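Numbering of ligands and ligand atoms starts at 1, following listing order. What you see is a predicted model, and the numbers here were worked out from it, not measured in a lab.
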Amino acid sequence: MTKLNYTIIGLLALVAACGQGPQQSEATEGPAAAVEPTAPEETEVWTPVPNKVDPFGQNGAPSDAIVLFNGQNLDQWISAVDSTAAQWTINPDGSMTVANGTGDIQTKENFGSVQLHVEWRSSPENTASGQAKSNSGVYLQNRYEVQVLDNNDNPTYVNGMVGSLYKQSPPLVMASVTTGSWNSYDIIYHAPEFDDQGAMSRAPKITVLHNGVLIQDGFDLQGTTEYIGWPKVSPHGPGPIKLQDHNDHSGVSYRNIWVRPLN
Ligand code: MG
C-alpha cells in the first residue's frame, strides 16, 4: 500500500469517527449543544445587546417610560364619562386629587401589557369607614381594578381591601403606609388573549408591589372585577388605564404616574 493510500484511509476513519460517538450518545443533554461545553466562552451570549435605560431619566421616571402624569397638567387624561377634558384638581405639590362627582379619568392612549408605576395618597380628612374611606382604584385596560383604599384601622372584606384585585384576590400582605403618606404601586400586567369563540386562551395576569412589597404574585384574573356579580369575559384589545372617582368624597390623590408598554 502506498503512502497516499494510507493517508486516504486515515482521513476516511477520521470522518467516520466524527459522525458518531459522544455527539450522538449525549444528544439529549444540554439545551442546544450536543456536547457538554468545556470552555466558559461556549455558553456566553453577546447579542442582541439590551437597550440602555436611565432609571431616573425623566424626573424620577425611566428614560424609556411614557409619563402619564408629572404634576403639571392632565394632558394625557380625559373624562371616562364623556371623553371631555379631565376635571380632577392639580395641586401645587405636583399631585392631583379626585374631584368628587366628576367621574373616573382615563388615559387618552390605549395600552396592552405594561409596567405601571402609580403613587397615591389617602386623605387624612376622610374619616369614613369600610369601603368609603379613601376609595379609588387603578384599572388596567379599563376593566381590571387594583383597589386603592385606606385600610389603616379600617377593616373590610379582604378581597376588596387595599391592594386587592377587586372581588378576586386579596393582597398577600397589607403594606400601606400611614394615612396621608404616599404609597406606591408597581404593577406588571400581561394582557389576556382570546380564542375564536371569545373565551380567554390566556388570562390577564397581574403582579403588584405595594411600597416595594410583593402583594399580588402573577395572579390570573377570571374576568372583569365586578362590584356585583361574577367576573365577566368578553374579548377586547388594548384599553386605557383608568383612575376611579368612587363618588364619596374620597379625597384620594395621585402623583408620578408612568408606564412602560411590554411587547
Ligand atoms: Mg375602588
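Looking only at distances, a side-chain donor or acceptor of Ser201 sits under 3.5 Å from a matching main-chain atom of Glu193.
With Tyr144 as the aromatic partner, Lys242 does not meet the cation-pi criteria of under 6.0 angstrom to the ring centre and within 45 degrees of the ring axis.
With the Mg ion (ligand 1) at the apex, Glu145 OE2 and Gln244 OE1 define an angle of roughly 90° (rounded to 10 degrees).
Between atom CD of residue Gln141 and atom OG1 of residue Thr224 there is a gap of 12.5 Å, rounded to the nearest 0.5 Å.
The Mg ion (ligand 1) has an N, O or S atom of Gln147 inside 2.8 Å of it. At a cut-off of 2.8 Å, Tyr166 does not coordinate the Mg ion (ligand 1) through any N, O or S atom.
No side-chain N or O of Ser176 forms a donor-acceptor pair with one of Asn152 less than 3.5 Å apart.
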